[in-house]
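Written below as structure tokens is the structure these notes are about.
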Amino acid sequence: MPQGPYSDKVMDHFMNPRNMGEIEDANAVGEVGNPACGDVMRLYMKIENGVIVDAKFKTFGCGAAIASSSMTTELIKGKTVDEALKLSNEAVAEALGGLPPAKQHCSVLAEDAVKAALEDYKKKQGA
Ligand code: FES
């Protein structure tokens, strides 16, 4: 099989995305887009006592963006809000076994979506 630019993990999360969909009673929603490629990522979270108990995503974007979204939901589940705020795009890319240079920004979209959702959460908490 020819070696493509993507790791097996990227392909796995692209072909079988985890936690795809919407959370009806989410108390944190973040949406970010990249104007250059036009991809859009929306992240839903259910946060209880400062802990992310559930996370789902809807992404209109490239395969690397979908894989990054999928991996991100797995990485943030069970984390506190403060821990999730520290999630970097490098950590997402690393968990995916790396992304090609031209696709690094897809993992940045995931980091930004987490931050946007947590900002929304804090706003709703009146903080
Ligand atoms: Fe822009 Fe992947 S090409 S998010």
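These figures come from a predicted structure and were not determined experimentally. Both counts, for ligands and for their atoms, begin at 1 and track the order of listing.
Atoms of ligand 1 lying under 4.0 Å from at least one heavy atom of Ala65, given by number and element, are 4 (S). Atom numbering of ligand 1 starts at 1 in the shown order; those under 4.0 Å from a heavy atom of Lys103 are 3 (S). Of all atoms in ligand 1, numbered sequentially from 1 with element shown, those under 4.0 Å from a heavy atom of His105 are 1 (Fe), 2 (Fe), 3 (S), 4 (S).
When each of Lys56, Lys46, Lys58 is paired with Glu22, the salt bridge (Lys or Arg N to Asp or Glu O under 4.0 Å) condition holds for Lys58 and for no other.
Counting heavy atoms closer than 4.0 Å to ligand 1, residue Asp39 contributes side-chain atoms (C-beta onward) but none from N, CA, C or O. When non-hydrogen atoms are compared, ligand 1 lies under 4.0 Å from the backbone of Cys106 as well as from its side chain.
Note that CG of Leu99 is 10.0 Å distant from NE2 of His105, once rounded to the nearest 0.5 Å.
Between Asn34 and Val108 the shortest side-chain heavy-atom distance does not fall below 4.5 Å. Counting only heavy atoms from C-beta outward, the side chains of Asp120 and Met45 never approach each other to under 4.5 Å.
Remark: Glu119 does not engage Lys115 in a salt bridge, criterion side-chain N to carboxylate O under 4.0 Å.
For atom 2 (Fe) of ligand 1, the nearest non-hydrogen atom from the set Cys62, Ala102, Cys37, Ala110 belongs to Cys62.
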